[in-house]
Amino acid sequence: MHSLIFSQTTPIYSCMGIFNLGGRMNVTLKMKNNMNGMESWSEPYEVAVLEAIKASCPTITSVNGSDNSLEVTWGISKLHTRCRVRYRMATTDKWTEIPAYVLVANAEKAVYTIEGLKPFSSYTIAVSCILSFGHWSDWSMETTGTTQESAPSRPPDICYHMEMVNKQGPHHLMLMWKALDVYDAHGHILGYQVSYTQTKHPSLSVTTNTTDLKVVLVVTEDEFEVTVMAYNSAGGSPYSHLKIDLSLHQTLPSVRRLWVNSEDDRLVLQWDVGHISLPVSEVANEWATDAAHPTSSHWKRVNGSTRSTVLKDHLQPGTTYRINVYPISNQLCGPPKSIIANLEYGTLLGAVGMHVVDVTKNTVTVQWEWQRKEVHHKVLKYRVILCLGEIQVESIPVWPDVWQHTFFKLRANTGYSVNLLAETSNDNISREIIPIKTHIFEHNEIIFTVCLIVLLTLGLGVFFILSRTVYKTYFFPKIANPGASVAGRWLLESHHEKNRVKNLLKLEEFLVTDLSGEKGFVELGQERPPVREDGIFNPGSSHSTLNIKHIFIPQNTEYIENTPKSNRENRDFSLMFNNVAHIENGQGSLLPESTQIQCNFDYIKNKHTLGDSLKIAFLENTPSNVE
C-alpha cells in the first residue's frame, strides 16, 4: 500500500489550502507491506506549487494545405503563452518538431504554417502549449492533413518491344512504363500522353492519351521518336524521350516456366528468365479480369533477380484473371508470357493427351497438350516421369510453355513407361501412363546395314564376274582354229608358185579409143577383205575398184558370153562379165556422166571361183576416183 503525505512548515487548516499558487510543501511516499505490517518512508520532496502546474492540452481545429505547406490552427487557454508543433508523414513513425516556439498572440487560437512539405502527401500533426510557469501540456490529439497536388516532378521510365509483323508491312510497337511513385507523382495521375514522331517526317506526329501503363502503336517507319508524359490535375511531368532505330533493334525473350498457385486469398506467381544475354533489371506483372476488353489492369514490379511474387490486391473470389509477365532490361522489354488463374484453384490449365512422338534405340519423345479447365484439383505442378518397371528413372517438371520432352541415354530393346503426374497438396494424381519399348537398331543403322548389304552383293557379283573372266583367261585360254584361218586355208592350197606373182588383170581387150581420140584405161585395185566378227578374213566378200576415165563398152557382148570357160580359166586374171545390162546408147558414143553399171564377174584365183560384185562408174572430166 502506497500513501502520499503532504506537509508544510506552516499550519495546515484544510487540504485544499496547501494547493495554492504560492504554496510550498513536502511530499513523502509511505509504503506498507500488508503481509508483515512493515512500513518504509521516502525522503521528503519539496514542491513549489507554481512550478508544478501543467498547462491544459490544446485542441487542433483545422488544417489547410497547399502543394508544399500545411496551415494548422488550434485553440488555447488564456494562460497559454507559447506552443510547440510537431509533424510526421502518415507512412512513417518519425516525428519532426518545429525548432522555434509558436508565441501566442491571440487568447483564443494559434496558427502556424508548416513549410517544405511534399505535394499530395498526408501528414500527422500535434501541438503542445505551456503557461508562463509550470510544465508543458500533453500533446494534442493527432490530426491528419494532406498537401495539394502539383505537376509530377519526373518523367515515367519507359521501355519498348517491337513485334515484326512482316518486313514490308507496318510493325506493332508496345510501349510500357512504370507508374510514378507518390513522391514523384505529386498527386493522382489522371493519365499519360504518348506521342509518336517519324524522324524523316517530323511534321507527321500522332498523339494518344491512355490511363493504362501500356499502349500498342502501329508504326511504318524504321526510325522514329516516342515521348511519354504523365499528368495530374496540376499539370504534366517532364517528357520521356525514346529514339528507336529498327536496324539496330535488339530482342529480349519472354520469361518461361510461368505458374500460379493459390494460397488463401493470394496468388503466388513464379517464373524463370532462363539464359538471357541481356541483364534483366526488373520484371513487370500485370493482372486483369479475363475479358476481351478489361476495364482496368493492375501492375506490380519486382527486382530482376526475383523469381516469384505474391499478388494480393485487387483480387476477388470467383473471378478469373489473366496474368502477364514482362522481363525488362533498361529500355528494352520482352513480350508478355500469359497465364490464367483464380483464387480457388490457381492455374486453370491442365496437361492432357500425352502420346509418343518418336522412339529410337536410345531415346523416347513424348508430347502432350495444355487445355483450359475451370474446375479441377488445385495442382501445384505437373511432372513427366520415366519408369523402368517400378524404378523411377527420370522425373521432369513441365510448364505451360513446354509440350514435348525427350528422354535420352535409354537402353536398346527395353520396355519403359511414361507417366504424366499432377502434384497436389494432398496427393499425386496420375493422369496418363504409356508403355514404350525402345528399338533394337537406329533408323540410320538400318539404312546403313541395307546399303552395306547391297554394296557387298554388288561387289561380290562384280568380283565373281571378273574372277570368272580372269580364271578363264589364265586357265582356259582361247585356242586358234586353223580351219577358220585364211592363212591356214591358204597354206593348205596348191599352186602357190603359179599364182604368187601373176596378179595383174589384162584389160587390153576392153580398152578402146573414145570418140575424142583419147585413150581410156581401167585400173583394178584390190582392197583388203573385210574381217568377220570371229576375227577371220572373208575372201568371198572382197571387192575390186575400177578407176575409169573413159571407157567404151561395145553394145554386142556376145563374144564375152560365148567364150569357152576353159579358155577363160587359162587367161591370166581374165575378167568375164555375166548378164551385162543393155545400154541403149549408140556404138561409139560416150556414156552419160555419173552413169553406173552393176556387173557380176568371176575371176580365177588359185583355182577357186569367188563371187564378187564389181561396181563400175563412168565419169567424164572428173579428177577423183569413184568406187
Interatomic spacing from OG in Ser240 to CE in Met229 - rounded to 0.5 Å: 10.5 Å

Spacing of Thr96 atom OG1 and Ile125 atom CD1 [to the nearest 0.5 Å]: 11.5 Å

Residue pairs involving [range] (criterion ring pair (Phe, Tyr, Trp, His ring centres under 6.0 Å); sequence neighbours excluded):
range            : value
residues 300-319 : His298-His314
residues 32-64   : none
residues 85-116  : Tyr101-Trp136

For Phe120, all residues meeting ring pair (Phe, Tyr, Trp, His ring centres under 6.0 Å), sequence neighbours excluded: none

Counting only heavy atoms not in [X], do more than 12 fall under 6.0 Å of its [atom1]?
X      : atom1 : value
Phe6   : CZ    : yes
Met141 : CE    : no
Lys300 : NZ    : yes
Trp403 : CH2   : no

Cystine candidate Cys129-Cys57, SG separation under 2.5 Å: no

Test side chain to side chain donor-acceptor pair (under 3.5 Å) applied to Ser150 and Asn68, step by step: CA-CA 9 Å; Ser150 66; Asn68 61 356; over 6 Å; no

Salt bridge (charged side-chain N to carboxylate O under 4.0 Å, His left out) pairs, two or more places apart, involving residues 36-65: Arg24-Glu46, Lys30-Glu39, Lys54-Asp138

Distance-only polar pair, side chains of His186 and Thr147, donor-acceptor under 3.5 Å: no

Between Tyr345 and Lys373: side-chain donor-acceptor atoms closer than 3.5 Å: no

Quick check: does any side chain N or O of [X] sit under 3.5 Å from a backbone N or O of [Y], one acting as donor and the other as acceptor?
X      : Y      : result
Ser329 : Pro279 : yes
Ser66  : Ser69  : yes
Glu223 : Lys200 : no
Thr146 : Ser122 : no

All side-chain hydrogen bond (donor to acceptor under 3.5 Å, both in side chains) counterparts of Ser338, not counting sequence neighbours: Asn324

Identified ring-ring contact (aromatic ring centres under 6.0 Å, His included) counterpart of Tyr192 within the set Tyr231, Tyr239, Trp177: Trp177

Arg307/Asp272 ion pair, N-O < 4.0 Å: yes

Pair Asp290 + Arg372: basic N to acidic O under 4.0 Å: yes

Option from Leu315, Leu269, Leu267, Val260 for which side chain to side chain contact (heavy atoms under 4.5 Å, CB included) with Trp287 holds: Leu315

Ser42 vs Thr28, side chain to side chain donor-acceptor pair (under 3.5 Å): CA-CA, chis, key distance, verdict: CA-CA 6 Å; Ser42 67; Thr28 304; 5.2 Å; no

From CA spacing to verdict: side chain to side chain donor-acceptor pair (under 3.5 Å), Ser305, Asn303: CA-CA 5 Å; Ser305 60; Asn303 189 274; 2.8 Å; yes

